[in-house]
Protein chains: 2
Amino acid sequence: MKGKPTIYDIAKKLNITAATVSRALNNNPRISQATKELVLKTAKDMNYEPNKLALALKKGKSNNIGVVVPYINRNFFSSVIRGIEEELFPKGYNVIISQTHESAEREVDIINNLLNAQVEGIIISLAKFTKNTKHFEQVLKKNIPLIFFDRYQEMGGVSSVTIDDYQGSYDATIHLIEQGCDRIAHLTVDPTLSIYKHRLEGYQQALIDHSIPFREELVVKLKSDMEEGKRVAENLMALENPPNAIFSTSDYGALGAIKWLQTNGYKVPEDVCVVGFSNEPFTQFLDLSMSSVDQVPLEMGKMAAQVFLEQVNDGNNVKIEKKVVLSPSLIIRQSSTKK
Amino acid sequence: MKGKPTIYDIAKKLNITAATVSRALNNNPRISQATKELVLKTAKDMNYEPNKLALALKKGKSNNIGVVVPYINRNFFSSVIRGIEEELFPKGYNVIISQTHESAEREVDIINNLLNAQVEGIIISLAKFTKNTKHFEQVLKKNIPLIFFDRYQEMGGVSSVTIDDYQGSYDATIHLIEQGCDRIAHLTVDPTLSIYKHRLEGYQQALIDHSIPFREELVVKLKSDMEEGKRVAENLMALENPPNAIFSTSDYGALGAIKWLQTNGYKVPEDVCVVGFSNEPFTQFLDLSMSSVDQVPLEMGKMAAQVFLEQVNDGNNVKIEKKVVLSPSLIIRQSSTKK
DNA sequence: TTGTAGGCGTTATCAC
DNA sequence: GTGATAACGCCTACAA
C-alpha cells in the first residue's frame, strides 16, 4: 500500500467489499450502524481521504469553479476574488483563476480550457473588447452556470452581478450639487460600454433634477490614467465658463485633475470639487483625501458566488437568469467637502 | 451523443477502436499517417476535447497547482499570483487559490484540501503564525513540490523564493546615508520573523560600513499601520537627539510618519528623509512621493512557477531544494531626495 | 499498424 | 444490509 489508501484497502482490511465501504462513508441509510462505525473508524486510522479526481470523473463534477478577470492584481478584481473564495471555500469548491489581459482571444482560450477542466461554473468580468459571445454559448449549452460581474454583456440565460452605476453616479453628482457646484464636468472612459453609459445617465439625471443645464463641452472622454486627467483638467479650466466641480468615472483621472489644479493655482475643493470612482486604496492616503464611489467589490464577489451556488443547486432546471444589482457607496472625503 | 464527444464516439464513427483514436490523438509514432489525419480531422469536426478529469485520474496528475496566501487582495500577493498564473497558464496548469486569513489552522485545512484535490504542487506564503510544519511534511511525503515565497520557514526538501531582505534594507540605509543622514531610525514589525530580522541586519551593517554608531532607541517595533507610524514618529522626534531619517520596513508605517512630521512643522525630506518598504501603489501618488523598496512581486511569482516546473519535471528524483533569492529594487522618490 | 483488456478510485444498479 | 458488476473517459501493456 504505497500511495494513498483507497476504499479497497480499507475494504480488504475489514473483509467487506468496496461498495459497502463507499456506502458507509456516504452515510447510506441502509447500512448497519455497526459496519458504519467500523468503517469510519478504520478510515480515520488509515488516514483515508477520498480521491476527488475519481469522484469528479464519476460524477462529471469537478468541484472547481473558474474565475476570469482581466488582471488579477487590480485592487477591484482581487477584492472580488477574495469575496468569491471566502464564500466558496467553505462549500468545498476550489477557485481557479485566469487572466485575459483584456484580450478577447485569450478569453476564448481560457473558457475552453476551463470547460475541459470540467469546472462547474464560471464567474467572469469581460475583457474590454469582447464582442463575440460564441464561446459563452458553449458554456450555456453544457448547462454550466455563467455569471458576469462588473463588465457584462446582455445574453440570454446568463446571470450577472453589478453595481448600480447609474445610482452611484447620480449620488456623486447630487453630492457635488449640494456642495454648491453648478458647473460639473463629467469625465468618462468609453460611453459605448454599458457601465459608463449608465454613469453618464446618472449624472445627467441629477442635473435635470436640480434644473442645471447640461453642457456637452463638460463631458470628456479619456483613458483611466493620471496624465490624461491632467491634460483634461487643463482643457476644462480653459473654457470660458470653466467647471467648479469634476466628477471622474475613474480615480486615476480624478487624481490627475487634482494634481493639475493644485499646481496651477486652483484650490481643491474651494475652487473645484472633485469626486472619483472606484475608491482605489490610494484615494484615502492622499494629503487631500479623495471622495470616490466605492464599488463594494467584496460584496460583489460574495454575491456572485451565491448566485453560482443557487444555479448549481437548481440542477438542470429551467435556466434561471438572475440579475443582481448592488448599491455602490459614496465615500465623501476632503476633495469635495467645502465647509 | 448528448454530452461531450469522447474517443469512443469518434472511434465508432470511423469504425476503429478507441485505443487507436487515443494513439492518433497522442501522436503515437506507430500509427499510420492516414488514420492519424483522419482521426484528427473528425475529432475537430466533432468538436472533441479531451476530458481532463479522466486523464487526471488515469495519470494521478490533475494539472492543478495550489497557491496559498494570507489575503489575495493585498497588492503584493495579487501581483505574485499574477506572475504565477502568467507563467503556468501557457504550460497547461490551472491555478487554484486559497486564503489563510493569517490563520495557521485554516492553513492546515487548505493544505489538506489541496492534497485531496491532487494538486501537483503548492506555492505558499505562510500565515504569520504558522509554527508547526506537520501539514507540510505530508506534502513532501507525497512527492509534491512545495515552494515557499516571501514568508518561509526552514524545512528540509522545500524550495523557496524570496527577496534579499538584507540587501534591500542595506541599500535603503546607504541611500539615506548618502543623503547626509546620520541619525537613522529603523521601524520594524516583528524581528522574530526572519524577513524582519534580515532587514534589521542590513540596516545595521550599513551603519557599520559608514562608522555610524548604532543606537538602540532608534529601532522601534510597530504594527504595519498608519496610525502607529504617527505615534512612533512623535516619540522619535521627542528624543533628545532625534533622527534625521526614518527607514520603515512597511510603507504604511512610513506614511504615518510622514503625515505626523508634516503636520508638526517638520519638512520631509529636508529635516527628515523617509523610505518605506514594499512599494505599495499609493506611494507614487502621494503629493510627496515616497521612496520605497520594491519587492519585485511579479518576478517572484514567475520564479516560483519556474521552480515548480523544474521540480515537477524532475520526476521522483532526489528532492531538490532550491533557494532563489531575488534582488529587491530601491525606488527613490521625493521623500528621501534632498537636492 | 491496430485491436483487446484491464485499470485509475468511486458510485450506482442490480441482485441476494 | 451487503456483495458483484459495470461505468465515468482515458491510457497502455500485451497480443495479433
Side-chain angles (χ1 to χ4, degrees), chain A residues 1-40 42-43 46-64 92 115-120 142-143, chain B residues 1-40 42-43 46-64 92 115-120 142-143:
Chain A
M1 203 197 62
K2 310 223 45 162
K4 296 193 61 164
T6 74
I7 50 173
Y8 278 91
D9 298 319
I10 130 165
K12 201 178 297 169
K13 191 168 222 162
L14 262 42
N15 261 326
I16 53 179
T17 57
T20 308
V21 175
S22 169
R23 284 190 273 252
L25 256 21
N26 289 289
N27 214 347
N28 187 310
R30 46 186 206 184
I31 204 100
S32 83
Q33 195 57 28
T35 37
K36 200 175 284 184
E37 281 170 11
L38 194 59
V39 168
L40 252 41
T42 39
M46 300 179 68
N47 236 311
Y48 166 82
E49 297 271 7
N51 181 325
K52 283 199 182 174
L53 289 182
L55 224 159
L57 174 61
K58 180 70 184 160
K59 304 214 164 168
K61 302 241 155 195
S62 63
N63 268 295
N64 288 158
L115 251 25
N116 297 165
Q118 322 291 124
V119 294
E120 291 186 46
K142 297 192 180 172
N143 234 305
Chain B
M1 204 198 63
K2 311 224 42 163
K4 296 192 63 166
T6 74
I7 50 173
Y8 279 91
D9 298 321
I10 130 167
K12 202 178 296 168
K13 189 168 224 163
L14 262 41
N15 261 327
I16 53 180
T17 55
T20 307
V21 175
S22 170
R23 285 191 271 253
L25 257 19
N26 288 291
N27 214 348
N28 187 309
R30 48 188 206 182
I31 205 98
S32 82
Q33 196 56 31
T35 36
K36 200 176 281 185
E37 281 169 10
L38 194 59
V39 167
L40 253 41
T42 38
M46 300 179 69
N47 235 309
Y48 168 81
E49 297 273 5
N51 181 327
K52 284 200 180 174
L53 289 181
L55 224 159
L57 175 59
K58 176 70 186 163
K59 304 215 163 167
K61 302 240 155 197
S62 63
N63 269 293
N64 289 158
L115 251 25
N116 297 164
Q118 322 291 126
V119 293
E120 291 187 45
K142 297 193 179 170
N143 234 304

Would you mind telling me which of C/dT11, D/dT2, C/dG3 lies closest to the side-chain atoms of A/Ser22?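 Looking only at heavy atoms from C-beta outward on A/Ser22, the closest nucleotide is C/dT11.
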Nearest-nucleotide pick for A/Ser32, side chain only, options being C/dT11, D/dG1, D/dC11: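 Per side-chain heavy atoms of A/Ser32, the pick is D/dG1.
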Provide, to the nearest angstrom, the distance between the [atom1] atom belonging to [X] and the [atom2] atom belonging to [N].
X	N	atom1	atom2	answer
A/Gln118	C/dT10	CD	P	19 Å
B/Asn116	C/dG9	CG	P	14 Å
A/Asn63	C/dG9	CG	C1'	15 Å
B/Asn28	D/dC10	CG	C1'	14 Å
B/Lys61	D/dC11	NZ	P	16 Å
A/Lys4	C/dC8	NZ	P	16 Å
B/Asn26	C/dT1	CG	C1'	16 Å
B/Gln33	C/dT2	CD	P	11 Å

Could you run down the sub-3.5 Å N/O contacts of the protein with nucleotides 14-16 of chain D?
none

NA contact type, A/Ile31, heavy-atom cut-off 4.0 Å: base, sugar-phosphate, or nothing?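 Sugar-phosphate, no base atom in range.
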Does some side-chain heavy atom of [Y] sit less than 4.5 Å from a side-chain heavy atom of [X]?
X	Y	value
B/Lys4	B/Asn51	no
A/Asn63	A/Leu55	no
B/Tyr48	B/Ile7	yes

Would you say C/dG3 has OP1 or OP2 under 4.0 Å from some side-chain N or O of B/Thr17?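 Yes, within the criterion.
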Counting just side-chain N and O atoms, does B/Thr35 come under 4.0 Å of either OP1 or OP2 of C/dT2?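 Checking B/Thr35 against C/dT2: at least one side-chain N or O falls below 4.0 Å of OP1 or OP2.
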Between B/Leu14 and B/Thr42, is a side-chain contact (heavy atoms from CB on, under 4.5 Å) present by the stated rule, with each step listed? CA-CA 8 Å; B/Leu14 262 41; B/Thr42 38; 3.5 Å; yes
Using the rule given for side-chain contact (heavy atoms from CB on, under 4.5 Å), can you reason through A/Asp9 versus A/Met46, listing the C-alpha separation, both sets of side-chain angles and the distance that settles it, and then say yes or no? CA-CA 9 Å; A/Asp9 298 319; A/Met46 300 179 68; 3.8 Å; yes
Atom of B/Ala43, atom of B/Leu25 and distance for their closest heavy-atom approach: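 What the structure gives for the nearest pair is CB-CD1, 4.3 Å.
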Where along residues 48-60 of chain A does a heavy atom come under 4.0 Å from DNA chain D, residue by residue in number order?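 When residues 48-60 of chain A is checked for heavy atoms under 4.0 Å from DNA chain D, the hits, listed by number, are A/Leu57, A/Lys58.
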Could you verify whether a donor N or O on one side chain and an acceptor N or O on the other, from B/Asn28 and B/Lys36, lie under 3.5 Å apart?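 No.
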Could you grab the distance from atom CG of B/Leu57 to atom NZ of A/Lys58, nearest 0.5 Å is fine?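 It is 11.5 Å, given to the nearest 0.5 Å.
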Position toward the 5' end of DNA chain C (nearest nucleotide), A/Ala19 or B/Ala18: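 Going by which nucleotide is closer to the 5' end, it is B/Ala18.
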Would one find more than 12 heavy atoms of other residues, nucleotides or ligands at under 6.0 Å from atom NZ of B/Lys142?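 Enclosed.
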Does A/Ile16 or B/Leu25 map to a spot on DNA chain D nearer the 5' end, using the closest nucleotide for each?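 Taking each residue's closest nucleotide, the earlier one in sequence belongs to A/Ile16.
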Could you go through the side-chain contact (heavy atoms from CB on, under 4.5 Å) check for B/Ile31 and B/Val39 one step at a time? CA-CA 11 Å; B/Ile31 205 98; B/Val39 167; over 6 Å; no
